[in-house]
Amino acid sequence: MTDKIVTRFAPSPTGYLHIGGARTALFNWLLARKTGGTFILRIEDTDLKRNTPTATQQVIDDLRWLGINWDEGPEIGGPNGPYFQSQRLDIYNKYVRRLLEQGKAYYCFESPQELEKLRKEAEAQKKGYVYQRPAVLPTEADVEKAKAQGRDVTIRFAMPDGTITINDLVRGEVNFNSAELGDFIIIKSDGFPTYNFACVIDDYLMKITHVIRGQEHLMNTPGQQALWQTLGFGEPPKYVHMSVTISEGGGKLSKRERPKTLRKAIKAQADIDLNKLAQVGQISIEELNAFLAGDSTPDMPAIEAIAEYCGVTLPEINVVDFCKSGYVPEAMVNFIALLGWSPGDKKEVMPLDELIQCFDITRLTKSNSLFDRSKLLSFNMEHLKLLSKEKLREHLKAYLKAVNSPVAQADDQKLLHLIKICEGARTLADIENKCRFLFVEDDEIEYDQKAVQKVLLKDNGLEMLKIIRERLQDIGELSEEKIENMLRGLAEEKQVGLGKVAQPLRVAICGTTISPPIFDSIQLLGKERTFKRIDNTVHKFS
RNA sequence: GCCCCCAUCGUCUAGUGGCAUAGGACGCCGGGUUCUCAACCCGGUAACAGGGGUUCGAGUCCCCUUGGGGGUACCA
């Protein structure tokens, strides 16, 4: 019998979960679920400067939204806790002492500035920089002395000589020369462990069997493996270094893209009131100028507020962005899974359980893949069709709440009805857009000028509207059927297409040329409100 | 600069030496359907980066070139 597979997702809490992180989490989760193994969530909060207090919660919320649950970790605990690295300092220290005593780790006293200088010098000679291990390792007395002088004290791992071979489950053997890797820091001057150290200790203690992570970690693996062996931890975990997800703009899909898009958009608009923008984003004009010059980046809320004010659509990067754009988690998971992996047959659109069923870690692609939003959109539509009505309604409900839509007033039954008449929608946002007119006040309709010109003014649409109003008066209790008969009859009588009748009515009730089928729309709005809107429209544009 | 990874339609991919006139999906283009948007139906376009080997035979194996990506931190 083979041992149970244990995987983990180990994010550092620096903000919302982004697509790359979601994909890493997903593959680890899929492997665990496929094999009946354990999936652990571990928070790598060893960088005091970068961590934000709310980030852990954001990551947790995003994972839950995606449907990725963990067997051990924050909120639920487990036998290998704590699951926050910042709470495991004494554990790391124990292993550091062991290495120190064996002369396999040693103290260093260089400041970051001094190291930077050495690095620059190596660069100037076109050589890669490696830290030079002193012939005689510093003693505890040296540490005391350095501390007394106010110097930084760090601890480095003494990398053993020779070639390090890592065996990647999808890439095969990859070789590294340990002399080129150098002795890396395992304990920072603030006493916290570095990623490369804490990760090894925790993977060992948590009995992780498979480490699936991005290609950006490939260069960390030999050092971690050497550490693993030096500590006598036995057989290292199996490694998989996934391909990277590339953005449509080229380069790694990164959160920098959102500010970048906004900057470009603002610069493209010639006459724009910068003071107003700063005010909208609640930042100073200096900060705004620094941002436009590319010198700094304000916080996300500021970016988003300014973008909304300018009417600029920011590219989605974080999981929440997609949520707010009306994507459904089932589609996200399905799409992300197919980025750098394929089941091998022709199946693409799959529900979660099927995804788990056919998952095979060795089928990961080696090459990077580009994040194609139009394919995601298509997947989202397919999943909207696949989802049960109840599940879809729950998603829609959560979405409406998240974007603070007036449609949120609708009760469960109404929501189901709206979903039905919006069949063919590609996102939840499509449904919201189409149905919002039902939930705004009759005299707060915003008219789309193009629609008004084309449908109401050019083609005698207003006259048609008046006739429709009269006919509507006559048909008594509204039903889709009666409305349809009336409108079709009218079109036939006037020898025109149904569009000539339906479009003016549509613009009158919702201000745009886009709505659910006109018969359903009128029926839902009701007679009184329809009349009111027709009257308002006729009055306004006559 | 140095280290490492990768390379099939525009994009995601199938392909593990003969099943291949290279398959699917998204996109795109053309047509149909239609009260708007979307959906839906039919059809079409389009790829093995280049050059050397190995082999009876190469998208598939090897080498070089080129291109893309990642890393090069007291970040993770």
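Just so it is clear, the model here is predicted, and its values are computed rather than measured.
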ask   = How far does the P atom of B:G15 sit from the matching atom of B:U60, given to the nearest Å?
value = 15 Å
query = So, is A:R119 close to the B:U72 phosphate, meaning a side-chain N or O under 4.0 Å from OP1 or OP2?
reply = no
inquiry  = At 4.0 Å (heavy atoms only), tell me whether A:E110 reaches a base, stays on the sugar-phosphate, or touches nothing.
reply    = base
query = How far does NZ of A:K260 sit from OG1 of A:T297, to the nearest 0.5 angstrom?
reply = 11.0 Å
ask   = What does B:G18 pair with, Watson-Crick or G-U, if both distances are under 3.5 Å?
value = B:C56
query = If we take the C1' atom in both B:G23 and B:A38, what is their distance in whole Å?
reply = 30 Å
request  = Check the distance between B:A76's P and A:I186's CD1 and give it to me in whole angstrom.
outcome  = 13 Å
query = Can you tell me how far P of B:A76 sits from NZ of A:K49, to the nearest Å?
reply = 8 Å
Distance in angstrom units between A:K120 NZ and B:U72 C1', rounded = 14 Å
message = Tell me whether the count of non-hydrogen atoms from other residues, nucleotides or ligands lying under 6.0 Å of NZ in A:K454 goes above 12.
response = no
task = Could you check whether A:T46 gets within reach of a base, just the sugar-phosphate, or nothing at all, counting any heavy atom under 4.0 Å?
result = sugar-phosphate
ask   = Once each nucleotide of nucleotides 30-37 of chain B is scored for protein heavy atoms under 4.0 Å, what B/S/- sequence comes out, 5' to 3'?
value = -----BBB
query = Can a cation-pi geometry be assigned to A:R133 and A:Y106, taking NZ or CZ under 6.0 Å from the six-membered ring centre and within 45° of the ring axis?
reply = no
task = Using the C1' atom as the reference point in each nucleotide, state the distance between B:U54 and B:U11 in Å, no decimals.
result = 34 Å
key: C1'-based separation of B:A39 from B:U21 [nearest Å]   = 35 Å
inquiry  = In this structure, how many angstroms lie between the C1' atom of B:A73 and the CG atom of A:N220, rounded?
reply    = 11 Å
remark   = When both distances are under 3.5 Å in a Watson-Crick or G-U wobble arrangement, the nucleotide paired with B:A39 is none
ask   = Going 5' to 3' along nucleotides 42-50 of chain B, which nucleotides have protein heavy atoms under 4.0 Å from the base (write B), which only from the sugar-phosphate (write S), and which from neither (write -)?
value = ---------
ask   = Rounding to the closest angstrom, what is the interatomic distance between B:C62 and B:G44 at atom C1'?
value = 40 Å
task = Rounded to whole angstrom, note down the C1' distance from B:C35 over to B:G30.
result = 25 Å
message = Please give the distance between the C1' atoms of B:C9 and B:A20 as a whole number of Å.
response = 15 Å
key: Residue A:E423 excluded, over 12 heavy atoms near CD under 6.0 Å   = no
query = More than 12 heavy atoms of other residues, nucleotides or ligands under 6.0 Å from CD of A:E116: is that the case?
reply = yes
message = What is the distance, to the nearest angstrom, from the CG atom on A:L118 to the P atom on B:U72?
response = 18 Å
note = So CG of A:L386 and CD of A:E382: to nearest 0.5 Å the spacing works out to 8.0 Å
task = Hunt down the Watson-Crick or G-U wobble partner of B:A25, both distances under 3.5 Å, from any strand shown, or write none.
result = B:U11
remark   = Taken to the nearest 0.5 Å, the spacing of A:I208 CD1 from A:C199 SG works out to 9.0 Å
request  = For A:E382 and for A:Y195, locate the closest nucleotide of RNA chain B by heavy-atom distance; then report the residue assigned to the nucleotide nearer the 5' terminus.
outcome  = A:E382
request  = Hey, could you give me the CD/CG distance between A:E480 and A:N485, rounded to the nearest 0.5 Å?
outcome  = 11.5 Å
request  = Please confirm whether any donor atom in the side chain of A:N196 sits under 3.5 Å from an acceptor in the base of B:A76, or the reverse.
outcome  = no
task = Nearest-nucleotide wise, let me know which of A:P112 and A:V244 is further upstream toward the 5' end of RNA chain B.
result = A:V244
task = Check whether any side-chain N or O of A:K347 sits under 4.0 Å from OP1 or OP2 of B:G24, and answer yes or no.
result = no
query = Has the side chain of A:S378 got a donor or acceptor that lies under 3.5 Å from a partner of the other kind on the base of B:C26?
reply = no
Nearest-angstrom distance from the residue atom CG of A:D183 to C1' of B:A73 = 15 Å
inquiry  = Check for me whether the distance between the ring centres of A:F379 and A:F322 falls short of 6.0 Å.
reply    = no
request  = Assign A:D47 to base, sugar-phosphate, or nothing according to its heavy-atom contacts below 4.0 angstrom with the strands shown.
outcome  = sugar-phosphate
request  = Show the numbers, then the answer: is there a salt bridge (charged side-chain N to carboxylate O under 4.0 Å, His left out) between A:R50 and A:D47?
outcome  = CA-CA 6 Å; A:R50 287 209 319 167; A:D47 184 0; 3.6 Å; yes
message = Nearest whole Å is fine: how far is B:A73 P from A:E216 CD?
response = 16 Å
request  = Measure from the side chain of A:T154, starting at C-beta and using heavy atoms only, and say which of B:C74, B:A38, B:A76 lies closest.
outcome  = B:C74
task = Count the heavy atoms belonging to other residues, nucleotides or ligands that lie under 6.0 Å from NZ of A:K145, then report whether that count exceeds 12.
result = no
ask   = Roughly how far apart, to the nearest Å, are B:C75 and B:A58 at atom C1'?
value = 45 Å
ask   = With respect to A:F9, which candidate in A:F39, A:W29, A:F27 satisfies the side-chain contact (heavy atoms from CB on, under 4.5 Å) definition?
value = A:F39
task = Under 4.0 Å between any heavy atoms, over every strand shown, what does A:H217 touch: base, sugar-phosphate, or nothing? Just pick one.
result = base
query = Can any side-chain N or O of A:S178 pair as donor or acceptor with the backbone N or O of A:P160 at less than 3.5 Å?
reply = yes
task = Evaluate salt bridge (charged side-chain N to carboxylate O under 4.0 Å, His left out) for A:K466 paired with A:E470, printing each intermediate quantity in order.
result = CA-CA 7 Å; A:K466 289 174 195 163; A:E470 283 168 23; over 6 Å; no
request  = Mark up nucleotides 2-14 of chain B, 5' to 3', with B wherever a protein heavy atom is under 4.0 angstrom from a base atom, S wherever such an atom reaches only the sugar-phosphate, and - elsewhere.
outcome  = -BSBSS---SBSS
request  = Rounded off to whole Å, could you give me the CZ-to-P distance for the A:F109 and B:C74 pair?
outcome  = 16 Å
